[in-house]
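Report on the structure given below.
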Amino acid sequence: MILRVSSLVVAGILSLLLINAVVPPIVADQSDRAVVNAPVTLLTSPIDGEIDSLAANPGHSVEAGDSLAQISNVRLDRGTLISLEDKASDAREKLASAQANKESDHAYLKSLDSEIAAQIEQLKAQFQSQIVELRARVAQSESLSEEKKALVDRQSDMVARDAASNYMLKPTKQQYSAALHNADAENAKLNQKLAQLDALQKGVYVGDDLVAIGTLVQKRRDIDLDEKRMGIEEKELSAVLEDRQRLINKEQKRLDALAGANVRTPTGGKILNVGATPGRHVNAGDSVASLVDCDKRFVVAIFSYRQGQGMKVGTRVRVDGASFGSGIVSAVLPKTSDKIDDRFAVPFPQTERRELYAIIAPDNRTAGMVHAAATAQHDQPTSCDVGQWVTVTKDDGIVPSMSVTWRRLETLVTSWSNKKDSVQPNEGEERRRETGFAMLAAAFHSASQAVGPSAELKDWMPQTTDAVVSR
């Protein structure tokens with residue numbers, strides 16, 4: 001009978017423990033596997049360098065645009081900038097040379113223009129005087145030809161009247177013909193000079209008299225073409241120099257950006273952790289600190305698939321241990337990944353089979369309420385309760401979580417037993433201590449010198465065993 005009863009008792013206890021361990025997590029409306037989480041923003045170093053100063057500590061509140069760290073880099077490669085400056089210097093020298101050649105050609109053109117103008121005026125005056133002389137010669141030739149004609153007419157009349165012979169008329173006719181040809185020659189010279197003067201005025205330099213001025217005009221054309229070529233080269237070099245200068249400005253701006261940087265917070269929030277110290281060397285992209293957005297905090301709670309079916313979006317729940325007393329289910333996730341965990345301050349808790357995540361956002365109507373007991377028990381060094389474990393319960397929940405029930409029962413029993421054991425011994429010890437102080441004072445002020453303490457004093461003194469060590 002004893003064995004049978006013992007077997008039944010052991011089997012009942014094991015069954016009860018098995019039921020308590022298996023059934024409640026499946027059907028429980030409460031979960032203590034919940035943690036307060038929030039989105040996190042990594043503040044990284046934009047350049048390589050040394051951290052000169054840090055202006056924030058974990059838990060420090062910051063606003064958008066606040067300076068977090070000053071980074072400087074004195075070890076910069078300026079080879080590209082030096083190369084660009086050398087090329088710009090060469091282009092600047094070529095541009096100055098082209099401008100000097102252009103100015104020299106322009107001055108030479110001015111001197112040629114003045115020389116050509118002077119020679120043209122001189123030639124015009126010369127041609128005009130020659131034209132006057134030729135016109136006089138033409139008039140003289142015409143007069144001589146008229147004279148010869150009159151002589152020919154008179155001799156012809158004398159021959160017709162048989163007063164003279166034809167032999168005398170022939171020389172006169174030849175002289176008259178020579179006078180006409182001479183007049184034609186003078187007219188041709190006159191016309192030639194008039195044509196040269198007209199061509200000179202029109203800028204056409206043809207003729208023996210215009211060879212020198214034609215050479216000067218051709219020289220001027222060559223210098224003018226060279227000046228235009230220098231102008232084109234000047235524009236090309238100016239464009240090249242502007243391009244070089246633009247590249248130099250961009251490179252200088254890039255070096256200035258790499259020489260020093262100020263890490264600023266993109267949004268407001270709380271500093272979750274700082275991963276650098278002043279004087280430390282960091283590379284571009286290294287994390288300096290992480291910023292948690294407390295205004296977007298939420299709770300990640302683990303429920304079974306059975307209870308997850310009832311945790312629909314919009315379901316109201318109670319949250320114990322957080323700064324907000326209630327929340328609303330905003331999403332239900334079957335699983336998570338490391339890529340998702342990197343976006344938040346705390347990794348999601350690990351789930352087991354047939355479990356899922358319930359994402360709970362604070363209820364705006366109770367976001368300002370703070371539970372004093374939960375705050376006292378879960379005082380975290382970081383702000384806005386990030387990383388704090390809480391308990392989530394459905395508003396209409398009936399089945400509690402066994403782990404929460406056992407923890408509360410253990411806390412109740414422990415507090416009750418400590419209270420019962422500590423009240424009376426403390427009072428007796430206090431009375432005993434006061435009696436001992438009184439007896440000790442009386443012993444010191446007693447006239448009789450006792451060899452040892454009295455029996456009552458011995459009773460008051462604590463019973464200790466002294467170890468005597470002898471050599």
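Numbering starts at 1 and runs along the sequence shown.
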Residue list, ring-ring contact (aromatic ring centres under 6.0 Å, His included) with Phe348, at least two apart or on another chain: Phe344, Tyr357
Salt-bridge present (Arg229, Asp226; N to O < 4.0 Å): yes
Distance-only polar pair, side chains of Ser45 and Asp286, donor-acceptor under 3.5 Å: no
Under 3.5 Å donor-acceptor, Asp243 side chain and Ala239 backbone: no
Flag if over 12 foreign heavy atoms under 6.0 Å of NZ, Lys124: yes
Donor-acceptor under 3.5 Å (Ser104 side chain, Ala100 main chain): no
Gln122 atom CD: more than 12 heavy-atom contacts under 6.0 Å: no
Residue pairs fulfilling salt bridge (charged side-chain N to carboxylate O under 4.0 Å, His left out) with at least one residue in residues 86-113, sequence neighbours excluded: Lys102-Glu234, Asp113-Arg220
With sequence neighbours excluded, residues passing salt bridge (charged side-chain N to carboxylate O under 4.0 Å, His left out) with Glu251: Arg254
Close side-chain approach of Ile328 and Ser330, heavy atoms under 4.5 Å: no
Counterpart residues, salt bridge (charged side-chain N to carboxylate O under 4.0 Å, His left out), relative to Asp66 (two or more places apart): none
Residues that Asp52 engages under salt bridge (charged side-chain N to carboxylate O under 4.0 Å, His left out), provided they are two or more places apart: none
Side-chain (Asp293) to main-chain (Ala38) donor-acceptor, under 3.5 angstrom: no
Results of salt bridge (charged side-chain N to carboxylate O under 4.0 Å, His left out) for Lys235 - residues two or more places apart only: none
Euclidean distance, Arg78 CZ relative to Thr80 OG1, rounded to 0.5 Å: 11.5 Å
